[in-house]
Q: 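This structure is in structure tokens; I'll ask about it shortly.
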Amino acid sequence: MILSKAQYDEIVKFITVLSCSRQSLEKLKLRFPSQSQCTLLSIFSQEYQKWMKRTHANHHTPEAMETYYQRYHSRVMENSSAPVLLELANEVDLSPALMARIVLERFLQDQESVSVSKVVINSMLRDTSLIPDRTLANQVFQCTLNDCCYGPLVDCIKHSIGHEHEVLLREKLLEHQLAFLEEDQLRDKGYDKTPDFILEVPVAVEGHIIHWIESKASFGDESSHRAYLQEQFWSYWNRGIFLNLCHWNEYSEFCTKNLVIWPWISYLLVWIY
């Protein structure tokens, strides 16, 4: 389904006043009941990540990190059972998972027995039982559960959804007896840029010869579409190869130029050139 620019802009405008929480998603669904939950979640996640990238530097100065840690430490001393990190993240408009990372990193700097590295921090965020302080471990776990845009739990969900849709697309290709190579097979053959599927025998779709198919389980907004073009799709075009982009969720009007719909699949495929 195509989302008009007016509809998309209205959703984005409403998102700007929301915090990064599951409660905000409920408000979003109530405000736009005609839109699918997947579409709203995808747009919400994209817009919140844009905001976090714009404000990232402000939260990661040594002064800001020390302030957040001291505020966490003083509040947790008063009430260790309160969701201190969650409340602090909401106060400064920061993703709970990113706040948890900042405070955890600062905490580890005081621990002589633990080296502070990205590998160690990531492993503790994925498995909070590795954090030596039980109170902080619980606080970090709460942030992971309540963050709908960042963190190891969200990463796992995104990976699972993406894999699920690739499996669905593969089943459709098999159902219609189309010969193809998958991403892993393409890597084994030495391809540096690997879409999800390459058709061994190209097919004609509305007068276009299609060689490749790329599956995207996210909303197709303008900025992400431009990024895909720069990072992936133009390299296919430079090889003289055409592809179809499969957006399983909705996408904006920007992505609809030369739209191609395959009759045997109930999802929209966008012609890229």
Side-chain angles (χ1 to χ4, degrees), residues 1-61 64 68 83 85-102 142-151 153-155 157-158 161-162 165 215-233 245-259 267-272:
M1 181 178 176
I2 303 171
L3 198 65
S4 71
K5 187 178 187 303
Q7 291 174 311
Y8 175 74
D9 290 343
E10 186 181 2
I11 293 172
V12 170
K13 183 178 180 180
F14 186 77
I15 288 174
T16 58
V17 300
L18 300 177
S19 61
C20 185
S21 68
R22 302 192 186 280
Q23 293 73 26
S24 295
L25 288 176
E26 294 300 321
K27 295 178 183 178
L28 193 60
K29 286 189 290 184
L30 290 174
R31 176 65 179 80
F32 302 98
S34 62
Q35 302 297 335
S36 72
Q37 180 174 334
C38 290
T39 295
L40 294 175
L41 174 57
S42 186
I43 297 175
F44 181 85
S45 179
Q46 289 172 341
E47 291 304 310
Y48 199 81
Q49 287 177 32
K50 292 175 188 176
W51 172 248
M52 287 297 101
K53 289 177 181 178
R54 288 195 296 268
T55 60
H56 178 272
N58 298 334
H59 298 290
H60 284 76
T61 64
Y68 295 156
L85 279 184
L86 274 175
E87 294 173 351
L88 184 57
N90 289 332
E91 288 175 14
V92 300
D93 198 13
L94 180 64
S95 153
L98 296 182
M99 175 61 76
R101 174 181 286 274
I102 289 173
Q142 289 179 26
C143 288
T144 300
L145 289 181
N146 285 277
D147 197 318
C148 53
C149 297
Y150 283 92
L153 178 58
V154 172
D155 290 341
I157 293 173
K158 288 181 178 179
I161 292 174
H165 286 85
S215 174
K216 297 298 182 185
S218 61
F219 180 82
D221 70 332
E222 181 175 348
S223 60
S224 62
H225 196 67
R226 290 188 185 278
Y228 293 145
L229 284 170
Q230 184 67 33
E231 297 169 8
Q232 291 180 276
F233 303 149
L245 170 63
C246 179
H247 269 298
W248 299 89
N249 288 326
E250 295 175 298
Y251 50 86
S252 66
E253 289 175 322
F254 174 82
C255 305
T256 61
K257 197 169 187 178
N258 287 340
L259 180 66
Y267 306 95
L268 296 174
L269 302 173
V270 182
W271 174 251
I272 307 299

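Quantities reported herein were computed from a predicted structural model and do not represent experimental measurements.
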Q: Heavy atoms only: give me the nearest A100-L85 pair and the separation to one decimal.
A: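 That would be CA-CD1, 4.1 Å.
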Q: Does a sphere of radius 6.0 Å around CD in Q37 hold more than 12 heavy atoms from other residues, nucleotides or ligands, not counting ones at 6.0 Å or beyond?
A: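 Open.
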Q: Please evaluate residues V92 and M99 with respect to the criterion side chain to side chain contact (heavy atoms under 4.5 Å, CB included), reporting the C-alpha separation (whole Å), side-chain torsions for both, the decisive distance (0.1 Å), and the verdict.
A: CA-CA 9 Å; V92 300; M99 175 61 76; 3.6 Å; yes
Q: Do other residues, nucleotides or ligands put more than 12 heavy atoms under 6.0 Å from the NE2 atom of H56?
A: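 Counting other residues, nucleotides and ligands, NE2 of H56 stays at 12 neighbours or fewer.
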Q: Evaluate the criterion side chain to side chain contact (heavy atoms under 4.5 Å, CB included) for residue pair W51 and T16; output intermediate values, then yes/no.
A: CA-CA 9 Å; W51 172 248; T16 58; over 6 Å; no
Q: Can we say E10 and R31 salt-bridge, meaning some charged N sits less than 4.0 Å from an Asp/Glu carboxylate O?
A: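 Yes.
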Q: Between L28 and I15, does a side chain to side chain contact (heavy atoms under 4.5 Å, CB included) hold up when you go through it step by step?
A: CA-CA 8 Å; L28 193 60; I15 288 174; 3.9 Å; yes
Q: With distance as the sole test, does D147 use its side chain to make a donor-acceptor pair with the main-chain N or O of C143 at under 3.5 Å?
A: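 Side chain of D147 to backbone of C143: no pair is present.
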Q: Using side chain to side chain contact (heavy atoms under 4.5 Å, CB included), reason through M52 and Q49 one step at a time and then give a plain yes or no.
A: CA-CA 5 Å; M52 287 297 101; Q49 287 177 32; 5.5 Å; no
Q: Which class fits the ring pair F14 and F32: parallel under 30°, tilted 30 to 60°, perpendicular over 60°?
A: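 Correct class here is perpendicular.
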Q: Please give me the minimum heavy-atom distance between L86 and P96, naming the atom from each residue.
A: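 Minimum heavy-atom separation between L86 and P96: CD2-CB, 3.7 Å.
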Q: Rounded to the nearest 0.5 Å, what separates atom OG1 in T144 from atom CG in L153?
A: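 Between T144 OG1 and L153 CG, I get 7.5 Å after rounding to 0.5 Å.
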Q: Rounded to the nearest 0.5 Å, what's the gap from CG on L88 to CG on L94? Could you check?
A: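 One finds 8.5 Å between CG of L88 and CG of L94.
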Q: List the atom of K158, the atom of C149, and the distance in Å for their closest heavy-atom pair.
A: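 K158 and C149 have their closest heavy atoms at NZ-O, 3.9 Å.
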Q: For side-chain hydrogen bond (donor to acceptor under 3.5 Å, both in side chains), just list the numbers for T39 and S42, CA-CA rounded to whole Å, side-chain angles, deciding distance to a tenth of an Å, and then say yes or no.
A: CA-CA 5 Å; T39 295; S42 186; over 6 Å; no
Q: What heavy-atom pair brings H59 and I102 nearest, and what distance separates the two atoms?
A: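 Answer, listing the atom of H59 first, then I102: O-CD1, 3.6 Å.
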Q: Enter the distance from F44:CZ to K27:NZ here, rounded to the nearest 0.5 Å.
A: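 F44 atom CZ to K27 atom NZ measures 10.0 Å (nearest 0.5 Å).
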Q: For the atom pair CG (L41) and CD (Q35), what is the distance rounded to the nearest 0.5 Å?
A: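 So the gap between those two atoms works out to 13.5 Å.
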Q: E87: which residues meet the side chain to side chain donor-acceptor pair (under 3.5 Å) condition with it, sequence neighbours left out?
A: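 Listed in chain order: nothing, the list is empty.
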Q: With a 4.5 Å cut-off on side-chain heavy atoms, are L25 and C148 touching?
A: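 Yes, side chains in contact.
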